[in-house]
Amino acid sequence: MIEKAIDPQRYPLDKRGPFSHVKGDVALKIYAAHDGSHPPPPPPPTNTGNIETEATPVFQEIKTTMLQEDVIDDHEKKKKKKKNKDKEVRTFHTIGTATAAPAAAPAPPVSTGFVFQPQVMKEKAPTVETRTDFARAGPPTAMNMQMPRQNPEFLLVETSPPVAARMRYRGWDKMASTYDLVEQMHYLYVSVVKARDLPVMDVSGSLDPYVEVKLGNYKGKTKYLEKNQSPVWTQIFAFAKDRLQSNLLEVTVKDKDFGKDDFVGRVFFDLSEVPLRVPPDSPLAPQWYILEDKKGVKTRGEIMLAVWMGTQADESFPEAWHSDAHDISHTNLSNTRSKVYFSPKLYYLRVHVIEAQDLVPSDRGRMPDVYVKVQLGNQLRVTKPSEMRTINPIWNDELILVASEPFEDFIIVSVEDRIGQGKVEILGRVILSVRDVPTRLETHKLPDPRWLNLLRPSFIEEGDKKKDKFSSKILLCLCLDAGYHVLDESTHFSSDLQPSSKHLRKQNIGILELGILSARNLLPLKGKDGRTTDAYCVSKYGNKWVRTRTILDTLNPRWNEQYTWDVYDPCTVITIGVFDNCHINGSKEDARDQRIGKVRIRLSTLETNRIYTHYYPLLVLTHSGLKKHGELHLALRFTCTAWVNMLAHYGKPLLPKMHYYHPISVRHIDWLRHQAMQIVAARLARSEPPLRREAVEYMLDVDYHMWSLRRSKANVHRMMSMLSGVTAVCKWFNDICYWRNPITTCLVHVLFFILVCYPELILPTIFLYLFVIGLWNYRFRPRHPPHMDTRLSQADNAHPDELDEEFDTFPASRPSDIVRMRYDRMRSVAGRVQTVVGDLASQGERAQALLSWRDPRATAIFILFSLIGAVLIYVTLFQVVAVLVGLYVLRHPRFRSRMPSVPVNFFKRLPSRADMLL
């Protein structure tokens with residue numbers, strides 16, 4: 001056995017972060033042991049820094065000893081300083097372990113609240129090489145320590161598809177249309193309009209005709225019409241040109257029968273003679289064609305058809321029956337078509353409940369405990385109980401609900417008396433139509449309140465059979481506030497900030513064009529059903545929703561559909577989601593479309609008139625962790641039509657002025673946002689084809705406000721990243737004060753003296769510095785739109801239990817022991833937050849204690865020091881005081897003490913109110 005050993009050497013420990021309290025150094029003693037069967041490796045050459053190692057079995061043993069800095073002996077420190085007078089560069093060598101046994105699998109991670117686990121990524125074994133630059137490399141800067149880089153799978157991929165806009169820009173395509181952000185896809189369109197004078201085929205003298213359009217293996221059918229010899233179908237078929245399997249189109253008229261359908265007649269078309277139509281050409285006029293029998297002889301009956309070759313820009317494209325949906329029934333065909341939807345116009349309904357008079361409770365000897373309940377559709381709001389228990393109660397309470405056009409709902413105002421536990425008596429009720437409520441624009445005066453009669457429920461049921469001679473009354477003030485913007489999505493990524501009234505809306509500043517090109521590498525979500533994925537896209541910006549057609553049974557769908565929106569504010573976000581259609585043949589009515597992924601793009605991060613074409617990763621967070629379901633190919637262009645107005649928007653408030661003149665509390669805003677989301681989802685689900693509730697809720701992020709430990713971690717990291725710049729500046733200033741770089745400190749002294757002598761240069765210097773920094777960062781500006789950041793979201797290393805808690809329903813549906821464990825974990829996290837908040841409060845209370853005489857001696861010292869300071873500063877030039885203070889702050893380390901300064905000691909001795917807490 002040959003052993004080589006080196007003396008223990010100490011190395012300082014690097015801090016894990018800017019707020020870490022780790023101190024001390026580590027002593028390392030490394031042994032290299034070789035068995036007799038292999039000779040030891042040759043000694044490393046001294047003339048080079050790269051050393052190649054052989055693949056020999058190596059046994060490593062590292063003994064580490066943690067030594068705290070404050071317990072190191074002074075004699076040992078002096079001895080170490082004398083020993084290391086000359087600057088020493090230590091060289092570290094990587095010891096090869098290519099033939100070593102594989103390490104045991106690591107234990108699964110355990111979620112411990114805000115303790116962040118290190119990343120574990122599966123990679124290939126790195127090539128064994130020697131590194132000699134560790135000692136020369138400085139510590140990582142604060143800017144580089146903000147966040148580790150993302151997994152390359154989750155990054156954007158820039159593309160250059162052959163879209164017409166880029167071809168026209170390069171001069172390749174002079175005839176390109178405005179439909180220029182997508183690749184042109186040619187289709188063969190067949191419009192079956194009607195037929196006439198068809199022969200009777202049944203013995204009963206009836207005819208149930210339908211048309212079959214056949215092209216190769218693709219076959220489409222119209223609906224059959226019972227007992228009609230002159231049927232009208234008005235149906236369009238579209239066959240993708242790149243999938244054409246024949247040069248002959250066959251259009252056959254058949255008679256629907258119980259057994260085999262009867263042949264009526266047919267018409268053939270040669271595809272080489274089909275005309276080409278490109279919008280904005282007018283639609284092709286259909287023509288009458290005489291039917292032929294199976295022998296090619298003209299027979300009785302004619303059919304009106306139009307056949308042409310076009311693109312997806314054709315106006316017939318959205319309503320056409322596509323060849324990839326050949327096995328879809330007519331009842332489910334509408335679920336696969338592309339559509340445009342609009343959210344209902346929403347208003348805030350303000351109900352000011354003032355007072356009531358002459359209430360008549362059933363028990364006259366008891367003073368009623370009265371409150372008012374206001375109901376609008378599924379929304380229910382309740383006032384606080386009246387402070388005066390009398391038959392003439394006063395509330396003076398204001399309730400806000402969400403109303404939508406057309407105003408078909410009724411407002412039900414009920415006055416109820418709480419008799420006992422769970423027992424309520426209705427004292428009166430009034431029903432109003434929303435259409436009768438006046439509208440208020442901006443900050444106009446509220447309409448005058450009105451006295452309304454309260455009718456008992458028994459009287460309402462009997463109707464007008466009898467007239468009540470006496471009734472209680474309630475004083476209400478109702479109005480529709482059209483000056484607000486009704487939030488139906490989170491304010492962090494809102495796509496619309498316009499007020500409800502169209503008279504208050506500003507002009508548009510530009511146009512947003514979105515081309516949904518394709519997707520690739522989607523996961524098969526219907527493997528159990530023998531299918532892959534039936535994908536469609538939904539895009540939402542402003543009040544306009546678009547839905548692409550469903551591409552059936554493919555993992556690489558190609559949509560190539562383009563849509564446009566008017567832009568009224570650049571600081572808005574467009575959302576694009578991809579879903580798997582679960583409402584095709586054989587699907588249940590209660591089936592829910594599955595999420596494939598979502599993309600958000602903020603318009604203010606885009607350059608105007610530039611075309612962005614990228615593959616966006618489709619990421620979904622599930623109970624089992626983060627999954628990539630594929631990639632979505634998008635083309636995006638933001639065109640500004642009013643530069644002055646767009647730049648002026650950066651100085652205007654985000655929301656209409658009513659949100660600032662008469663603000664709504666945050667608690668009410670969250671409740672109203674949830675109600676607005678429910679109204680939008682319910683309205684769009686009633687369309688044809690329906691935009692289903694699960695898709696709308698996913699696009700609007702209904703559950704964004706729910707508690708999530710993962711989001712809490714992400715917000716902590718965001719805060720730390722935001723403070724890292726301040727920390728870096730403080731560290732830089734601390735290095736200057738301690739003369740780590742004497743040249744820089746001397747230059748700072750010179751700059752400080754100049755600014756003291758010429759104080760008018762302070763603000764110009766600051767603004768010039770900001771200008772130079774911004775100009776320098778222009779070189780490193782992002783060249784692609786923002787996208788979902790998995791590291792920032794703490795999604796790639798989230799613990800399964802945290803995800804299960806995040807996706808749990810409200811109220812919780814998990815077993816009681818799991819809920820108890822999560823509650824204890826939340827208490828632990830909240831305890832740390834509570835401690836931090838308490839420390840911050842203590843610092844503020846100590847600042848208040850300077851002049852509050854809570855500690856009379858400390859306050860007396862402070863005010864006496866303030867008086868002396870005021871006199872000295874008054875009789876001394878300001879420049880002299882500034883120079884003295886600056887020299888004291890920047891003094892050399894020889895004149896510094898390791899003990900805290902007098903002001904810090906004085907401040908920490910001030911009392912706080914922490915000792916007054918129970």
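These numbers come from a predicted model, not from an experiment.
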Novice: Do you know the tightest heavy-atom contact between Ala320 and Ala238?
Specialist: CB-CB, 3.8 Å
Novice: Does a side chain donor of either Glu158 or Thr613 reach within less than 3.5 Å of an acceptor in the other side chain?
Specialist: no
Novice: Is Lys256 salt-bridged to Glu226, going by a charged N under 4.0 Å from an acidic O?
Specialist: no
Novice: Which residue pairs satisfy the ring pair (Phe, Tyr, Trp, His ring centres under 6.0 Å) criterion with at least one member in residues 277-299, sequence neighbours excluded?
Specialist: Phe269-Tyr289
Novice: Pair Ile576, Lys598 - check side chain to side chain contact (heavy atoms under 4.5 Å, CB included), show working.
Specialist: CA-CA 6 Å; Ile576 306 102; Lys598 180 170 57 179; over 6 Å; no
Novice: Identify whether the distance between the nearest side-chain nitrogen and carboxylate oxygen of Arg692 and Glu697 falls below 4.0 Å.
Specialist: no
Novice: Between the side chains of Tyr210 and Asp255, is a donor N or O closer than 3.5 angstrom to an acceptor N or O?
Specialist: no
Novice: If you round to the nearest 0.5 Å, how far is OG of Ser404 from CG of Asp488?
Specialist: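 The distance works out to 12.0 Å.
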Novice: Please check if any side-chain donor atom of Arg196 sits under 3.5 Å from a side-chain acceptor atom of Gln229, or the reverse.
Specialist: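 Side chains of Arg196 and Gln229: no pair found under 3.5 Å.
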Novice: What I want to check is whether the side chains of Arg683 and Ser343 have a donor and an acceptor closer together than 3.5 Å.
Specialist: no
Novice: Compute the centroid of each ring, for Tyr563 and then for Tyr541, and state whether the two points are separated by less than 6.0 Å.
Specialist: no
Novice: Side chains of Tyr704 and Glu489: donor-acceptor distance under 3.5 Å anywhere?
Specialist: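 No, because no side-chain N or O of Tyr704 sits under 3.5 Å from a partner of the opposite role on Glu489.
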Novice: Is the cationic atom of Arg600 (NZ for Lys, CZ for Arg) positioned less than 6.0 Å from the six-membered ring centroid of Phe493 and within 45 degrees of its normal?
Specialist: yes
Novice: Closer than 3.5 angstrom, by distance alone: can the side chain of Arg595 be matched with the main-chain N or O of Gly577 as a donor-acceptor pair?
Specialist: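 No.
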Novice: Return the CG to CG distance between Leu803 and Leu621, rounded to the nearest 0.5 Å.
Specialist: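 Taking CG in Leu803 and CG in Leu621, the distance rounds to 5.0 Å.
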Novice: Rounded at 0.5 Å granularity, tell me how far CG in Asn247 sits from CD in Glu273.
Specialist: 11.5 Å
Novice: Does one side chain, of Thr554 or Asn556, offer a donor that lies under 3.5 Å from an acceptor on the other?
Specialist: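 On atom types as modelled, these side chains do not qualify, holding no pair under 3.5 Å.
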Novice: For Ser490 and Asp701, does a side-chain donor sit closer than 3.5 Å to a side-chain acceptor?
Specialist: no
Novice: Under a 4.0 Å threshold between the charged nitrogen and the carboxylate oxygen, would Arg266 count as salt-bridged to Glu292?
Specialist: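 Answer for the salt bridge query: no.
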Novice: How about Tyr616 and His787: are their ring centres within less than 6.0 Å of each other?
Specialist: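 No: the rings miss the under 6.0 Å criterion.
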Novice: Checking Arg520 against Tyr615: charged group under 6.0 Å from the ring centre and within 45 degrees of the axis?
Specialist: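 Arg520 over Tyr615 ring: yes.
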Novice: Report the relative orientation of the aromatic rings in Tyr189 and Trp308; use parallel for angles under 30°, tilted for 30 to 60°, perpendicular for over 60°.
Specialist: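 If you compare the ring of Tyr189 with that of Trp308, the planes turn out parallel.
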Novice: With a 4.0 Å cut-off, would you call Lys540 and Asp496 a salt bridge?
Specialist: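 So Lys540 does not pair with Asp496 through a salt bridge.
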Novice: What I want to find out is whether Lys526 reaches Asp534 closely enough, with some N-O distance under 4.0 Å, to be called a salt bridge.
Specialist: yes
Novice: Tell me yes or no: between the side chains of Thr564 and Gln562, is some donor less than 3.5 Å from an acceptor?
Specialist: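 There is no such pair between these side chains.
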Novice: Please identify which of these residues, Phe317, Trp321, Tyr218, meets the ring-ring contact (aromatic ring centres under 6.0 Å, His included) condition with Phe237.
Specialist: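 Option passing the ring-ring contact (aromatic ring centres under 6.0 Å, His included) with Phe237: Trp321.
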Novice: Can the ring centres of Phe239 and Tyr187 be said to be less than 6.0 Å apart?
Specialist: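 No, they do not, as the ring centres are separated by 6.0 Å or more.
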Novice: How many angstroms lie between atom CE of Met309 and atom OG of Ser272, to the nearest 0.5 angstrom?
Specialist: 10.0 Å
Novice: Quickly, which of Lys628, Glu153, Lys627, His629 forms a side chain to side chain contact (heavy atoms under 4.5 Å, CB included) with Leu619? Name it, please.
Specialist: Lys628
Novice: Is it true that atom CG of Asn378 has more than 12 heavy atoms of other residues, nucleotides or ligands lying nearer than 6.0 Å?
Specialist: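 Counting neighbours around CG of Asn378, 12 or fewer heavy atoms of other residues, nucleotides or ligands fall under 6.0 Å, so no.
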Novice: Which distance, rounded to the nearest 0.5 Å, do you find between the CG of Asp242 and the CZ of Arg558?
Specialist: 6.0 Å
Novice: Does either side chain, that of His614 or that of Thr159, offer a donor lying less than 3.5 Å from an acceptor on the other one?
Specialist: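 No - no donor-acceptor pair under 3.5 Å links their side chains.
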Novice: Would you say the side-chain atoms of Gln379 pair up with the backbone N or O of Gln675, donor to acceptor, closer than 3.5 Å?
Specialist: no
